[in-house]
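Just below is one structure, and these are the notes that go with it.
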Amino acid sequence: MLHEDDCSKAFEAVLAQSGKFGHYQRRLYAVVCFMHVVCTSILTYMKFVPNLELKQDCTEIIEMEAGNSTFIFLHFNETATFSINCHTFYDNDIGLEFDWTFPEWAFPGYDTDVRTVVHYGQCIGLAVGFVLGSILSDTLGRRRVMYVFFTLLCLTQCLCAVAHSWKIFLVCRVIVGFGAGGFILTSLVLLIEYVGHDWRDICICLVPWWLGPSLLSLEALATRHWRFLALVSGLAGGPLIGSYFIVFESSRWLLCHHRFSAAEHTIKEVVACNCRSVPELTTLFDIARTCILNTMHKKTFTFLDLFTTSKLRRGTIAVIFTWFLGSTVYCGLFRDIRQLTSNPYLNNFILYNTDAIVIVCAVLINKCLGRRWCLFLYAMSSGLVSLCILVLHVSNETMDMSMINSLGFFTKMGVTTTLTIINLVTLETYPTVVRTMGLCVGFLAGLTGYILADKVIVYLEPFHYTVPFLVYGGMMCILAFGVLFYPETIRKPLPDILRCRHRNLCAHDPIQLSNPVTHGWFS
């Protein structure tokens, strides 16, 4: 008798024989990594469009004899005069050089706070992209949706360079967020559905999204112009669009949508690409197909299907809870420590790339402890590090800004790692037919926390400098207990099946007709 997860077991067996991380998986991983680097660089583009402030730099010139000057101050003996020479310039809040060219709406005196409007417009675009991208991905397939959204992302970023008004620029940034939201979801799902269980944590956690801001910093250092920066960062993704022809549709998705011929063809292409024979390929495919036919009919799944079983309900609640708390803390800390150095390019590199070291350690630890306890360890450690602000406050009469920045920096590293592993567990929790929608719910909860933290932190800072860190520490400690509600997914097959309701009834309540004629079936 076939069990509910026999489809996923059969596919894992195919991966085990053909290569859990073979030539095709390495090719797919490389393509997704490069695309994520470009996507992150485009999303963080607004970091190099700062708030400008008009300032004056005045110097005193001493003259022994009275001279003609705008401002004259007489010395006590009335023999020497001091003239003041003032230089007017525009300063920015991130320390960019004076030879930068910024859009006209970035200068002071503009009626609308365009930078804030653009920020929230991009967040709205992300949210819509998450929702629509997840629905299309689970309905139409992963590959086409991923490349359509990525192409839209790069094209619109290039259009930002030719925007002549802030309203056109705003529309472009909203569409950029929309494209990024749909791409991020589908690319991660497509990647995890092709790698073996031993490689899922490595491939998902080590997607080098943190290199995007570093790439953007190099582009900014070379261009020093907001239009050129937008154009270069958008064109960087152009060559990657051509990788569409070397990436296959998800075989898991094709199977679950009863497209058996296409699924079998794709599986054979992957096996051939990995150059390893699978003697039992036909048998394993028949097992997967029979399991699908016995448990699911072809239907359109919705977000309501995330709550159909007790396991999914518990997982969805844990996803919303942990994503919201983790993103709230991350946004608050990032806002506090955004200025680590006086060099904005180096600052961008340090803020993002140092997280990679801790994430690599987390991948190794999670292989020993499992997903849940690794998450618990990192979340609790991050919370306790943040709470150390009390120890520093008591033991030091004066707290210098570098100590606060260091504390926030180390806390942020732990929070980033926690969110990275939560992303992995979210992908592994949901079956193939609703996997993108499940990840969408987590991302939406995280985006809500990100926006909320931007507002709440303003009210926390005036009380005392320790208050934000105490709040962050408490939230991470609560999150640490919340991750224990996740199912343990390490070394388990990636689920494919979500049993349809009528199949569920047939499986649990079989009806035996001893005399069909008496029931009027054949009358």
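- When only modelled atom types and interatomic distance are considered, Glu249 and Thr266 share no side-chain donor-acceptor pair under 3.5 Å.
- Ring centers of Phe376 and Phe481: under 6.0 Å apart, within the cut-off.
- Across Ala453 and Gly332, no two heavy atoms sit closer than the pair CB-N, 4.1 Å.
- Rounding to the nearest 0.5 Å places CE of Met35 at 4.5 Å from CE of Met146.
- The closest side-chain heavy-atom distance from Leu333 to Val329 is below 4.5 Å.
- Checked by atom type, the side-chain pair Ser214/Asn353 shows a donor-acceptor distance below 3.5 Å.
- At a threshold of 4.5 Å between non-hydrogen side-chain atoms, the residues Ser8 and Pro495 do not count as touching.
- Taking all atoms of both residues into account, the shortest heavy-atom contact from Lys311 to Pro487 is CE-CB, 4.3 Å.
- One finds the NE2 atom of His257 at 10.5 Å from the NZ atom of Lys299 (value rounded to the nearest 0.5 Å).
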Practice task
Tell me, with the steps shown, if Cys273 and Arg27 meet side chain to side chain contact (heavy atoms under 4.5 Å, CB included).
Solution key: CA-CA 10 Å; Cys273 188; Arg27 185 172 71 189; 3.8 Å; yes
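- Environment of CZ in Phe321: crowded, with over 12 heavy atoms of neighbouring residues, nucleotides or ligands closer than 6.0 Å.
- Using a cut-off of 4.0 Å between Lys/Arg side-chain N and Asp/Glu carboxylate O, Arg371 and Asp201 are scored as salt-bridged.
- No donor-acceptor pair closer than 3.5 Å links the side chain of Glu12 to the backbone N or O of Gly196.
- Residues Thr426 and Arg435 bring no donor and acceptor atom of their side chains to less than 3.5 Å of each other.
- Between the side chains of Thr328 and Tyr472, no donor-acceptor pair of N or O atoms lies under 3.5 Å.
- The CZ atom of Phe469 sits 6.0 Å away from atom OG of Ser386, with the distance rounded to the nearest 0.5 Å.
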Side chains of residues 418-425: which donor-acceptor pairs under 3.5 Å do they make with residues two or more places apart or in other chains?
{"unit_1": "Thr418", "atom_1": "OG1", "unit_2": "Gly414", "atom_2": "O", "d": "2.8"}
{"unit_1": "Thr420", "atom_1": "OG1", "unit_2": "Thr416", "atom_2": "O", "d": "2.8"}

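- Residues Phe303 and Ser134 meet the side-chain proximity criterion, which asks for heavy atoms closer than 4.5 Å.
- A heavy-atom distance below 4.5 Å is found between the side chains of Phe409 and Thr354.
- Ser327 contributes no side-chain N or O that, together with a main-chain N or O of Phe324, makes up a donor-acceptor pair within less than 3.5 Å.
- Taking both residues in full, the closest heavy atoms of Gly182 and Phe149 are given as CA-CD2, 3.6 Å, listed atom of the first, atom of the second, then distance.
- Checking side-chain atoms of Lys367 against main-chain N and O of Val363 turns up no donor-acceptor pair under 3.5 Å.
- Glu193 places a side-chain heavy atom less than 4.5 Å from the side chain of Arg142.
- Leu188 contributes atom CG, which lies 10.0 Å from atom OG1 of Thr436 (distance to the nearest 0.5 angstrom).
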Exercise for the section: Go through the steps to decide whether Lys9 and Asp496 satisfy the test salt bridge (charged side-chain N to carboxylate O under 4.0 Å, His left out), and finish with yes or no. Expected result: CA-CA 9 Å; Lys9 289 180 179 178; Asp496 288 321; over 6 Å; no
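- Here the two rings, on Trp210 and Tyr352, have centers that are 6.0 Å apart or farther.
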Exercise for the section: Apply side chain to side chain contact (heavy atoms under 4.5 Å, CB included) to the pair Phe307 and Leu312, showing each step before the final yes or no. Expected result: CA-CA 6 Å; Phe307 301 91; Leu312 283 179; over 6 Å; no
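- Taking the ring centre of Tyr45 as origin, the terminal cationic atom of Lys47 falls outside the region bounded by 6.0 Å and 45° from the ring axis.
- For the atom pair CG (Leu306) and CD1 (Ile320), the distance works out to 8.5 Å, reported to the nearest 0.5 Å.
- Counting all heavy atoms, side chain and backbone alike, Leu498 lies closest to Pro431 at CB-CG, 4.0 Å.
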Practice task
Take Tyr486 and Thr322 through the test side chain to side chain donor-acceptor pair (under 3.5 Å) and record every step on the way to the result.
Solution key: CA-CA 10 Å; Tyr486 280 114; Thr322 54; 2.6 Å; yes
Practice task
Apply the test side chain to side chain contact (heavy atoms under 4.5 Å, CB included) to residues Leu494 and Thr432: give CA-CA distance (whole Å), side-chain angles for both, the deciding distance (0.1 Å), then the verdict.
Solution key: CA-CA 8 Å; Leu494 198 65; Thr432 297; 5.5 Å; no
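- Applying the salt bridge (charged side-chain N to carboxylate O under 4.0 Å, His left out) test to Lys268 and every residue at least two apart in sequence or in another chain returns Glu264.
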Handout entry: Verdict with reasoning, Cys203 to Val207, per side chain to side chain contact (heavy atoms under 4.5 Å, CB included)
Key = CA-CA 6 Å; Cys203 291; Val207 171; 5.9 Å; no
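- Contact detail for Gly133 and Val145: the closest heavy-atom pair is O-CG1, 4.1 Å.
- Checked by atom type and distance alone, the side chain of Ser41 pairs as donor or acceptor with a backbone atom of Val38 at under 3.5 Å.
- When side chains are defined from C-beta on, Tyr147 does not count as touching Phe183, because their heavy atoms never get closer than 4.5 Å.
- Within 6.0 Å of CZ in Phe485 there are 12 or fewer heavy atoms belonging to other residues, nucleotides or ligands.
- The local environment of CZ in Phe301 is crowded, with over 12 non-hydrogen atoms from other residues, nucleotides or ligands closer than 6.0 Å.
- In terms of modelled atom types and a separation under 3.5 Å, the side chain of Arg173 and the main chain of Thr156 share no donor-acceptor contact.
- Ring pair His258/Phe260: centre-to-centre distance below 6.0 Å.
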Practice task
Take Asp355 and Lys412, measure what salt bridge (charged side-chain N to carboxylate O under 4.0 Å, His left out) needs, and give me the verdict at the end.
Solution key: CA-CA 8 Å; Asp355 294 331; Lys412 185 192 77 71; 2.9 Å; yes
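- Remark: the Arg143 side chain and the Tyr244 side chain contain an N/O donor-acceptor pair separated by less than 3.5 Å.
- The backbone N or O of Arg313 lies less than 3.5 Å from no partner atom in the side chain of Thr316, so there is not a single donor-acceptor pair.
- Gln17 places a side-chain heavy atom less than 4.5 Å from the side chain of Pro279.
- Here Leu28 contributes atom CG and Cys33 contributes atom SG; the two are 9.0 Å apart, rounded to the nearest 0.5 Å.
- With hydrogens and angles ignored, the 3.5 Å screen pairs no side-chain donor or acceptor of Gln122 with any backbone N or O of Ile124.
- In this structure, the side chain of Asp198 does not engage the main chain of Lys20 through any donor-acceptor pair within 3.5 Å.
- Tyr29 places none of its side-chain heavy atoms less than 4.5 Å from the side chain of Tyr194.
- For Arg276 (side chain) and Val271 (main-chain N/O), no donor-acceptor pair under 3.5 Å exists by modelled atom type.
- The two residues Ala288 and Leu255 come nearest to each other via the heavy atoms CB-CD1, 4.2 Å.
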